[in-house]
Amino acid sequence: MPQLTANHLKDRLVKRLIIDRGIEVSDATNKDMYYALSYIVNDEIMPNWFKTNKSYGEKQAKQVYYLSMEFLIGRLLESNLLNCGMLDVAKEALEELGFHSEFVFAEERDAGLGNGGLGRLAACFLDSLASLHYPGHGYGIRYRYGLFEQRIIHGNQVELPDYWLKDSYPWETRKEEEAVVIQFHGKVHMFKRNDGSLEFKYENTDKVLAVPYDIPVVGYKNEVVNTLRLWSAEPVLEQNAEAMEENREFYRDLDHQHSIEQISGFLYPDDSNYEGKELRLKQQYFLVSSSIQNILKKFKKGHRLPVSRLSEKVVIQINDTHPSLAIPEMMRILMDEERLDWDTAWEVTTKVFAYTNHTTLSEALETWPQEMLQNLLPRIYMIIDEINERFCKSIWFNYEELRDKIPELAIIAHGRVHMARLAIVGSFSVNGVARIHTEILKKKEMRDFYSLFPEKFNNKTNGITHRRWLLQANPKLADVITEVIGPQWIKRPKQLISLLKYSNDKALLEKFNRVKHENKKALANYIHQHTGILVDDQSIFDVQIKRLHEYKRQLLNIFHVIYLYNELKENPNQDMTPHTFIFGAKAAPSYYVAKEVIKLINTVASIVNYDKDIQGKLKVIFLENYNVSLAEKIIPAADISEQISTASKEASGTGNMKMMMNGAITLGTMDGANIEIHDLVGDSNIFIFGLTADEVLHYYQNGGYNARDIYNTDDRVKRILDQLNQGEFGKHDIEFKDIFYNILYHNDPYFVLKDFEPYLETHELAERAYRDRLTWLNMSVTNIAYSGKFSSDQTIREYATDIWKIKQV
Ligand code: 26Q
């Protein structure tokens, strides 16, 4: 790319404003500037996009396709500028034209096409694929409404629709000529061909058009541009003018059209609780059928090979079970359209698919009612049935010792279709997302499948893109790092390890300190602007940001805050380092307990933040509408990273990695990737507390522990629970009774009380460590130094070599 200067860019911005909008710079708003700059960036991206596609064709490279119901990509202008190598120049040009780049970037709406970890992981993976020159692309759904926008009103979560496409979205290109037809319902007819083989024809199906919108995925300063293809559902326009002329038909058609557009209408906001709505199943098949059709079309166009050799050129990763219907869909097309026999089709299919599991929570396991699947997708159901028959037979005949277990292994059992079982049987690879998670899959959750197919199971610990989460979100820290160890770490994040050499260098630690403090000031400003609350930028910023779920234990965190508050009320002059507790969390709209916890956090905040007695030593901030762009503001300012899930429950976590990379110290349980962080940095650079996964699982097997014992013996705990029960934190005395009952009457299923005391003690340790500035800064730099291991570049290299067998081009 020719070197672009700020002056040159200014010229182009000025011209663009005139040509596209008919305005001069002096009349332009931040939004005008956002569009003008975005279109200029697009101009830079397009030639490389074309070139990348062409080179994949010429080199006949094997491609990986990442199928996911969610891609939580956030904003793209700043990251595209960064990856195109234009960020500094763009900031300069904007400032010189009288604009703040921060405000211009803030005009972009987050593409919130995901719930949380799983969707953000998909976005990080796309960034790494492109940045490492891998031929890898995403397939997802272009939801008209992304994850809801959260408002807090009187302490309660209120959900507003996220109509993110209201203004035009500059990063997408509609590709109408590549639309495909998806068929639902209907009847399947079977015929015998002359050669004795069977032929299946579908009749009276409901047809839906899947129209792709492509978003470029820009690699970091390497001229690679891959594709994220999002499908949108539209009616198939019949050429039947006569029918359309009749008014009645027209209105019936509008109704019909509406129900079709619903398929890509909105993202389901549940992330850990499976809800078996038919529309969700439609969405899944819609994604899968359009993507598989498209993949096969491209394969046939690009290669002279027969489809029986598909796996030489194509591998498909399915992100959790949500796209697992891709397996029977592939079988359907290979048999019904490509005329392969069952055995050949199965051989091809099971060489192409790989499956990632993201949870062991039983309530999140996907199973669909047999009749629902049979009615919505009759041919797909027949194929699943056949896969199941053959699988069960093979166990019966080859694994006598597992015969009793067939009901627990069968894909169709007790009237339900088990998607994880389908995904395991139909894939050549099954991976968990952190070491402990994969071990739990192998030893517990998927034990019998592991004994059947040990070669399929493997671990791929999650990662995050250090480009967005360090370079872009924390440019000041990135600059200091580069000043100390040079810029090589940007392409090779593991080189962050060279920071260790300097972790005792006082002058340098001071620089890190200054950056953290500036970031804290910026966040304090944001907090003031958005909540009106003043927080002390010298206080400890203690951060828990993630979806709200009982297993993530935001409740444990707020219990600790209540305890501190109670202590301060008794002894206002006690010597305590001021604390700011920062929360960000969305609850699934139907998750009552989670919403109660949000209300509790906000209620505690409204009491603590205005209580003069405690002399500003404690502040509680709940930032509404936690999303990717808010995360980019909070994470650089974090001192303590709360990762306190009930051990065994958090598959990996990725927020833990983001905060570590930004110099926060993890305070957490031995769960998910916390364990791997602990392995790297060692006991003295992390605060670990609480039950281990083995202990938790042991308690579950033996009926838990007695929560009431703790309530009866620990005054601090009793005090807090009674405050909830007696309405001390509410406007009237019924508030928060449910939390009280949930813990004492359901026997504290997430071990909040059991882990309470060790949690307090560990917080005290952390506070003491924080007071010793140099020790703390040393811990912080040590964490940054080891965080390169969690760059998604590393994770993607492992997927590419161990699972996908693809090469960099
Ligand atoms: C399923 C069926 C119907 C409706 C919704 C769903 C659904 C949607 C999203 C189920 C689960 C999810 C999301 C799960 C998720 O985000 N899991 C997280 O994945 C991260 C990336 O691997 C891990 O780091 C987290 O530990 C894990 O909780």
Side-chain angles (χ1 to χ4, degrees), residues 66 68-72 112-125 140-141 143 146-147 266-285 287 317-325 355-369 372 416-420 423 431-438 440-441 459-464 545-553 585-586 588-591 628 643-659 668-669 671-677 693 790 792 795 799:
Y66 200 82
S68 177
M69 290 291 283
E70 309 194 3
F71 285 92
L72 190 47
L113 309 184
N115 274 287
L118 165 148
R120 183 55 232 175
L121 185 74
C124 285
F125 280 4
I141 294 181
Y143 300 106
L147 185 64
F266 69 94
L267 167 77
Y268 274 88
D270 268 282
D271 70 330
S272 36
N273 200 30
Y274 155 75
E275 242 195 289
K277 294 262 170 26
E278 189 184 39
L279 178 55
R280 167 78 185 189
L281 187 60
K282 271 191 193 166
Q283 290 186 332
Q284 295 186 351
Y285 184 67
L287 164 68
Q317 191 72 37
I318 54 179
N319 201 17
D320 215 293
T321 53
H322 319 151
S324 55
L325 289 175
Y355 153 59
T356 304
N357 174 286
H358 294 267
T359 188
T360 52
L361 298 183
S362 55
E363 65 271 28
L365 282 182
E366 262 194 305
T367 65
W368 292 97
M372 191 192 280
R416 301 192 75 92
V417 183
H418 292 252
M419 307 315 271
N431 78 281
V433 291
R435 205 171 58 216
I436 184 184
H437 170 56
T438 303
I440 291 175
L441 291 180
N459 176 246
K460 293 288 166 286
T461 299
N462 283 166
I464 57 168
I545 41 176
K546 47 182 83 251
R547 285 298 287 261
L548 212 139
H549 196 288
E550 288 164 278
Y551 84 78
K552 296 179 189 278
R553 297 201 295 191
K586 287 180 180 174
S590 61
Y591 193 169
V628 172
Q643 307 298 339
I644 58 178
S645 53
T646 310
S648 80
K649 301 270 176 192
E650 189 70 271
S652 161
T654 45
N656 45 4
M657 303 168 182
K658 290 165 199 161
M659 285 201 263
T669 48
D671 200 16
N674 298 351
I675 297 177
E676 287 159 73
I677 295 178
F790 297 111
S792 44
T795 316
Y799 274 92

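Just so you know, these numbers come straight off a predicted model, no measurement behind them. Order of appearance sets the numbers: ligands from 1, and atoms from 1 within every ligand.
- Checking Asp671 against Ser645 by side-chain atom types alone, a donor-acceptor pair falls below 3.5 Å.
- Donor-acceptor pairing under 3.5 Å is recorded for the side chains of His437 and Asn357.
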CA sep, side-chain torsions, deciding dist, call: Leu121, His358, side-chain contact (heavy atoms from CB on, under 4.5 Å): CA-CA 11 Å; Leu121 185 74; His358 294 267; 3.7 Å; yes
For ligand 1, which of its N or O atoms have a protein N or O partner closer than 3.5 Å, and how long is each gap?
| unit_1 | atom_1 | unit_2 | atom_2 | d |
| --- | --- | --- | --- | --- |
| ligand 1 | 16 (O) | Leu118 | N | 2.9 |
| ligand 1 | 22 (O) | His358 | ND1 | 2.6 |
| ligand 1 | 22 (O) | Asn462 | OD1 | 2.8 |
| ligand 1 | 24 (O) | Asn462 | OD1 | 3.4 |
| ligand 1 | 24 (O) | Gly653 | N | 2.8 |
| ligand 1 | 26 (O) | Glu650 | OE1 | 2.6 |
| ligand 1 | 26 (O) | Ala651 | N | 3.3 |
| ligand 1 | 26 (O) | Ser652 | N | 3.1 |
| ligand 1 | 26 (O) | Gly653 | N | 3.1 |
| ligand 1 | 28 (O) | Tyr551 | OH | 3.3 |
| ligand 1 | 28 (O) | Glu650 | OE1 | 3.1 |

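- One distance of note links CG of Asn319 with CG of Leu118; it measures 4.0 Å at 0.5 Å rounding.
- Side-chain atoms of Glu70 and Asn115 include a donor-acceptor pair closer than 3.5 Å.
- In this structure, OG1 on Thr461 lies 7.0 Å from CZ on Arg435, to the nearest 0.5 angstrom.
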